[in-house]
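Notes to accompany the following structure.
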Amino acid sequence: MESLNGIDKSRVLDVKPLRTLMPVFPTGAQAPNFGCMPPFGHTPNGFSPFFPFSAPPQATQQSPDLNHVSPPGMQTPAGHMPAPLRSYRAPNPSGALPHDFPEDSNGDGESSMGGTANEDGYFDGHKDVAPHRGSSSSRKKTNRASSSRKKVKKSGDADALIFVGNKGSSVNFVSLISPVQLEDGNRELVNYVLVNFDALRRRICQIEDTKEKNTDTIKRADLKAGNIAMTKKVRTNMRRRIGVVPGVEIGDIFFFRMEMCVVGLHAPSMAGIDYMTLKGDLEKDPIALSIVSSGGYEDETDSSDVLIYSGQGGNTNNKDKQVAVSDQKLERGNLALERSLQRGNEVRVIRGLKDDTTLNSKVYVYDGLYKIQESWTERGKSGGNMFKYKLVRVPGQPDAFSVLQTIRKWKDGLSSRAGLVLPDLTSGAERIPVSLVNEVDNEKGPAYFTYFPSLKYSKSFTLTQPSLGCKCRSACLPGDMNCSCIQKNEGEFPYTGNGILVSRKQLVHECGATCSCPPNCKNRVSQSGVKVRLEVFRTKDRGWGLRSWDSIRAGTFICEYAGEVIDEVKFKNKGDEGETDDYIFDTRRDYDSFKWNYEPGLLDEDSPNDSVEDYSIPYPLIISAKNAGNVARFINHGCSPNVFWQPVLYEQNNQSFLHIAFFAIRHIPPLTELTYDYGISMSDEAANNNGLHRKKKCLCGSSKCRGYFG
DNA sequence: GACCGCTCAGCTTA
DNA sequence: CTAAGCTGAGCGGT
């Protein structure tokens, strides 16, 4: 990494940026460590009324008792409510994230996680959210600007004002990101900003889904979420820079252009060339910072390290950028690329390609730094001259785009997966095959088990009373408040139109067997099986693991934890008898709290107790996947996981059963190992260390590794 | 500081 | 499934 940045430093260091107070050029991959503490200020209080599954939904629908809501971080007095069955550890004393996000998925060995606590009061997991100090003026300005600008919007409907900040709580929203952190990010911040962005985007989708079709709807939740994140300052890396953006790693994937805006990877919301005008001593020339190659036209080059990029302009109509009607001019982005060719500075390249998992959508991969090697003009198909730029990838960087290209070939059958042991380890039990792959050693596969895709409840172990199914004739619709299943979900449809979980909850209620809605109802996500192309693969030092060929969006359902449900007594007996079971899922363990939903207050309709994440488990559940299970039994523990589990309830055979469904915490690039937090056994049981509960040394490799798990 | 023009988005519908 | 229509956000430039 050092050498990458060292090469041309001397050539560009003499230029000064416009409008920034700090030098714009990074000193290398290491951004100054400002000890960012991610702004996860809210500790789930973990105390919620214990209610039986069969309780009427109205019980949770009644008007919230606002007096009941503790300020963030304040514990509800003990004894006030029943103790939770599932407990959460408090954030660690440094105040840093109780649970950080996976870092360094590309294995470049460079951890940009700050990890230490910021001491200037911006974040403190123990106190109430600390207000900004010394930034009130800029904050005021920002909010005023945004609201005055937005209010002028043409549609005078009340609807149009829903998301703009001139009323309600959002005007009072205070970003937890300090001015320093707004300028320069790190891995934790980047992940926080991205997770918040997408949570907000999903929530806006959810709200819009409930509206009537022809009312004034927001079709672009991505833009709206991006706009809010930008103006409310839930963003980072605002300082424009050449080269490495701290916290953004090669191989990171994005599903919206706005995501690259909010983390400072690529500023324009639509344009493909990001550039900056330098007010140098000599000349004032634009210089290219990053480009987005949209993949709309194939780059004829075979090598994934070379990119031919077309200039902008020339009256290209929006559909086919390949066709320039008039000549492109050497201005704006084109001029910047030309100057960057002369200067030889590195340009960030983001490559887009079709995402086959979601209709009509694209995935963008940050492919690292390139250099512009040459430029020329070409006559476009409609006669206009176009600029062309040949960019070559700086060597020594981890693979990113090429990985996606390779996977594409596997899927198209143009090349075969190396190390393939078994094409489908489920023997057809899942709709999509799950490959078994070993590129590491000679192991032929995991120990024998029965592939079973769901939960086995033993007869003697009945759980809950049946709940009444909904009466919807066709697929349940988000806006339909008559749907009893939607009522159970507090009036909110848990999933977006393409089946992505909107927010994390104590319990998600899906439609079940007695619901009259068809199997394709959108409220049956977790019960309709794996949709992601998975492979079980041999890890270097942690046995078998699970990963995906697909790019996974945050909130995507991965799989449920299948296996045999065992009751607490049996569980204890097995342990006493010295039986070992490494395939236990146990809700009673101690889990790190973490925040997944968007920052409350970003939307005006947020009520004070919205987004308070309370995940105490209403009923203990122990699952063993030792003898029978699905792909979930291969997911390893991670102290910085990219997958979390969400309790889901639905009815089968006239009884409601609790299931454990895994969802993606964040966007997960292909072939990144999936991990979740195994939690830690309660101390009293951990003392009984010879049986099922054996603490294990953790090899997850995260900078936040606790050292052990289980 | 407000406004204008530019753009390899992303939806929606035919 | 492809094509076309259409409303955009943030930025540089004025």
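The structure presented is a predicted model; accordingly, all values stated were derived computationally and were not measured. Naming: A, B, ... by sequence-line order, numbering from 1 per chain.
- Side chains of A/Glu378 and A/Trp376: a donor-acceptor N/O pair is present below 3.5 angstrom, by distance only.
- A donor-acceptor pair is defined here as one N or O able to donate and one able to accept, closer than 3.5 Å; such a pair exists between the side chain of A/Asn334 and the backbone of A/Lys329.
- Ranking B/dG10, B/dA9, C/dG12 by closeness to the A/Asp222 side chain, first place goes to B/dG10.
- Atom pair A/Leu337:CG and B/dT7:P shows a separation of 13 Å (rounding to whole Å applied).
- Residue A/Gln312 has a polar side-chain atom (N or O) positioned under 4.0 Å from OP1 or OP2 of B/dC8.
- Between A/Arg220 and A/Leu359, the residue anchored closer to the 5' end of DNA chain C is A/Leu359, taking for each the nucleotide with the nearest heavy atom.
- Of the candidates C/dA9, B/dC11, C/dG13, the closest approach to any side-chain atom of A/Lys219 belongs to B/dC11.
- The separation between A/Asn498 atom CG and B/dC11 atom P is 9 Å, rounded to whole Å.
- Between the P atom of B/dC8 and the CG atom of A/Leu307 lies a distance of 14 Å, rounded to the nearest Å.
- Each of A/Arg332 and A/Met270 has a nearest nucleotide on DNA chain C; the 5'-most of these lies closest to A/Met270.
- One side chain, A/Gln342 or A/Arg339, offers a donor N or O that lies under 3.5 Å from an acceptor on the other.
- Going from the P atom of C/dG8 to that of B/dT13 covers 15 Å, rounded to whole Å.
- Considering A/Ile552, A/Leu404, A/Val365 as possible partners of A/Pro670, the one that fulfils the side-chain contact (heavy atoms from CB on, under 4.5 Å) test is A/Leu404.
- Between the side chains of A/Thr377 and A/Lys388, no donor N or O sits under 3.5 Å from an acceptor N or O.
- Distance A/Leu335 CG to C/dC11 P: 20 Å, rounded to the nearest Å.
- Side-chain atoms of A/Arg257 and base atoms of C/dA9 include no donor and acceptor less than 3.5 Å apart.
- Candidate nucleotides B/dC8, C/dG12, B/dC11 were compared by shortest atom distance to the side chain of A/Tyr309, and B/dC8 ranks first.
- As rounded to whole Å, 20 Å separates atom C1' of B/dA9 from atom CZ of A/Arg351.
- At the phosphate of C/dG13, OP1 or OP2 sits under 4.0 Å from a side-chain N or O atom of A/Thr277.
- Between the P atom of B/dC8 and the CG atom of A/Asp355 lies a distance of 21 Å, rounded to the nearest Å.
- Taking a 6.0 Å sphere around NZ of A/Lys411, one finds it holds more than 12 heavy atoms contributed by other residues, nucleotides or ligands.
- In this structure, the nucleotide among C/dG13, B/dA9, B/dT12 sitting nearest to the side chain of A/Tyr275 is C/dG13.
- For A/Ser294 and B/dA9, the shortest distance from a side-chain N or O to OP1 or OP2 is below 4.0 Å.
- Distances shorter than 4.0 Å separate some side-chain N or O of A/Asn227 from OP1 or OP2 on C/dG10.
- Rounded to whole Å, atom C1' of C/dG10 lies 11 Å from atom NE2 of A/His266.
- Between A/Met258 atom CE and C/dC11 atom P there is a gap of 8 Å when expressed in whole angstrom units.
- Comparing B/dC8 with C/dG13, their C1' atoms are spaced 22 Å from each other, to the whole Å.
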Bracket notation of DNA chain C in which parentheses pair within the strand, [ ] cross earlier pairs, and | pairs with another strand (Watson-Crick or G-U, under 3.5 Å): .||||||.||||||

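- The aromatic rings of A/Trp549 and A/Trp410 are tilted relative to each other, their planes meeting at an angle between 30° and 60°.
- Residues A/Ala271 and A/Tyr364 both approach DNA chain B. Their nearest nucleotides, taken by heavy-atom distance, put A/Ala271 toward the 5′ side.
- Under a 4.0 Å N-O distance rule, the pair A/Asp198/A/Arg553 does not qualify as a salt bridge.
- As judged by a 4.0 angstrom heavy-atom cut-off over every strand, A/Gly333 is placed among residues making no nucleic acid contact.
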